[in-house]
Amino acid sequence: MTDSAVQQATRVAPAAPHDFQPPGFVRQVTTMVWRSLKHIKRQPEMLTDVTIQPVMFVLLFAFVFGGSIVIPGFIYREWLMPGIMAQTMAFSAFIVAIGLNMDLGKGIIDRFRSLPISRGSVLVGRSIYSIIHSSIGIFVMSVTGLAIGWRIHNGVGKALLAFGLLLLFGFAMIWVGILVGSSMRSPEAVNGLMFTTIFPITFLANTFAPTVGMASWLRTLAEWNPISALVQAMRELWGNGPAALPDAALPLHYPVLTTVLWSVAITAVVAPLAVRAFIRRTTD
Amino acid sequence: MTLTSTAPSGRARSSGAAIEAEHLVKRFGDMTAVDDVSFTVPQGTVLGLLGPNGAGKTTTVRMMTTLSEPTSGTARVAGHDVVREPEAVRRSMGLTGQAATVDELLTGRENLRLMGSLYGLPKAAIRQLSDELLERFSLTDAGDKVIKDYSGGMRRRLDLAVSLIATPPVLFLDEPTTGLDPRSRVELWEVLRSLVRDGTTLLLTTQYLEEADQLADRIVVIDHGRIIAQGTPLELKDQSGKAAIVLTVSHADQLEAARALLASHVPEVHVDVAARQLTAPADGLSDMTRVATVFERSEIVLDDLGLQRPSLDDVFLSLTGHRAEPPAGATADTTSSPSPSTQSEESQS
Ligand SMILES: Nc1ncnc2c1ncn2[C@@H]1O[C@H](COP(=O)(O)OP(=O)(O)O)[C@@H](O)[C@H]1O
Ligand SMILES: [Mg+2]
């Protein structure tokens, strides 16, 4: 009691709060990205999905199947590279979903929500991070590819266009990741869902083997798969594979345009759902 | 608007109340977690929100810190409405939630930098404040360690340090000492007292009566979402029964004489022969002064004479019909799980 009496007597004006402005959106987002990059520093094994795993795929496919899959006029190893890169970019969805879901499951999201910042900064930060994460994978794979004989044959402009398409597709996949990450209750559930959907979808395409060998209904499905258009576009732009066969499905005859359309369509449909799921998850 | 401009002038406008809750209600489905809760916390004081597990403390704090929208009712923090001006509220307050809200994979210093940046503090200020806060919470040596390697007590202290990085004038702490060992608890109390001395307004929730007694200027007791009592710790103790005069006689052979003397001034005396102790109900200090005078004039030698008030434990029992949880002194480093008895009471309701 005496203690509180003393406090009463010595109570002074509140500590002057430090003079500051709430941070702008850019600083909010860069701070979120900084945080995610620190996570990699603490757990470098987080990068295995975009380093060891795709490199292993490159080597396995190139050397194990390389002998039995023949692409007339092209080398299988070179033909393979765009496929594996597209698969890695599709996994951005996975990265963003896991990261976001882990944040949402912890008290730290409450901390973020109690700060004078936009809730969107968590999303944008996670998204930019996942592009960085995937780009590390693309870089590692490019180096691996170069080491085993992969080359870009059609000049800088087309090469950059292909990388641009890859990023655009990654951007669309991020929304899928945000939707899944905001909707699932645990990282394990995210893992399960992604592994049983995105993973097979990246195989049900022209990524690792030509679609001609498939049963006709499966071939149609594979050729309409957005990943096939992306892979076909990269192959043509980099000079790693032939133009689509005359009897291929329509999208593969206009692969660049189709990739853009698919990316825009996926974003247009999934983004509103994703934002809604995220808002619902962070409101109570 | 910057935080500075919400300082003294902003408070004057809101009649000196740093925190106001008006008829707050929160329903989850048809379950009412918070039921018509109102209170006011004057600037620079401490309010203890006391109640057992499941009483609605966290839900109340979440509504006042913009994390959860009230079903009805309003609240103001530093004069700002939590529903209409959530941004202004967020700029004026700090929160340490019940669950750990630090980033496990960052170091202590990095956590402070993360939150400092998100508050928009300049880098140099963040560095200086981080050093000060780590020092204040005895975490200087652990500042560059990853949180994963922190003990429960260290984590809790860092959590609090992080809430203080922007020097918020109003601070919400949800069960700040749950899971701490007794020594860490007392240390944390000291830090909280010094914050209040510097002018911070504090709302803390607790299941521990002793904690509310130690820190709070006023206590609001809630159970099943409703306020069942409020007042200063002293008022609450007075509510739940009378004080008693307790006196200890020095020589056993004077015990009977002492009893007779006391009985001539008060209606009822209880004798404990082994302890040479007499107990009598009293209305307050004046009764005790009277008794003291009487004994001073007599030949009877006393070891001790005092006024014993009921503990807040008694208060709680008389208000709610059940005892509050004892401090989890032995089980440090874990977030305390609700005791089976309180849980079964919750599910009955
Ligand atoms: N999000 C929620 N959905 C449904 N019920 C909830 C939710 N949050 C809290 N409750 C219920 O509201 C009551 C009060 O909970 P809480 O505020 O956490 O109590 P305290 O913090 O005092 O232990 C409890 O019965 C709890 O189960
Ligand atoms: Mg609680």
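All chains are named by letter (A, B, ...) in the order of the sequence lines, taking the proteins before the strands, and each is independently numbered beginning at 1. Computed over heavy atoms, backbone and side chain alike; hydrogens, waters and symmetry mates excluded.
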Let me check something: any side-chain donor-acceptor pairs from residues 166-177 of chain A under 3.5 Å, sequence neighbours excluded? List them with distances.
none

Value rounded to 0.5 Å, distance of CD in B:Glu87 from CD1 in A:Ile117: 9.5 Å
For each of [options], tally heavy-atom pairs with chain A at distances under 4.5 Å, and name the one with the top tally.
| options | answer |
| --- | --- |
| B:Lys148, B:Glu110, B:Glu69 | B:Glu110 |
| B:Thr107, B:Thr65, B:Asp103, B:Leu106 | B:Asp103 |
| B:Thr96, B:Asn111, B:Asp159 | B:Asp159 |
| B:Thr101, B:Val162, B:Leu114 | B:Thr101 |

Would you say A:Phe25 has more than 12 foreign heavy atoms packed within less than 6.0 Å of its CZ? yes
Heavy-atom neighbours of A:Phe203 CZ exceed 12 at 6.0 Å: yes
Using heavy atoms and a sub-4.5 Å threshold, report which of residues 33-40 of chain A line up against chain B, by residue number. A:Trp34, A:Arg35, A:Lys38, A:His39
With a strict 4.5 Å heavy-atom criterion, list every residue of residues 86-115 of chain A that contacts chain B, or say none. A:Gly107, A:Ile108, A:Asp110, A:Arg111, A:Phe112, A:Arg113, A:Ser114, A:Leu115
Cut-off 3.5 Å, no hydrogens considered: what does the side-chain donor-acceptor table look like for residues 184-194 of chain A, sequence neighbours left out?
residue	atom	partner	partner atom	Å
A:Ser186	OG	A:Glu188	OE1	3.4
A:Ser186	OG	A:Ala189	N	3.1

Begin from the C-alpha positions of B:Leu105 and A:Lys41 and carry the test side chain to side chain contact (heavy atoms under 4.5 Å, CB included) through to its verdict. CA-CA 9 Å; B:Leu105 290 178; A:Lys41 188 176 157 196; over 6 Å; no
Under 4.5 Å to a heavy atom of chain A? For B:Ser163 that would be both
Quickly, which of A:Gln28, A:Met32, A:Arg27 forms a side-chain contact (heavy atoms from CB on, under 4.5 Å) with B:Ser117? Name it, please. A:Arg27
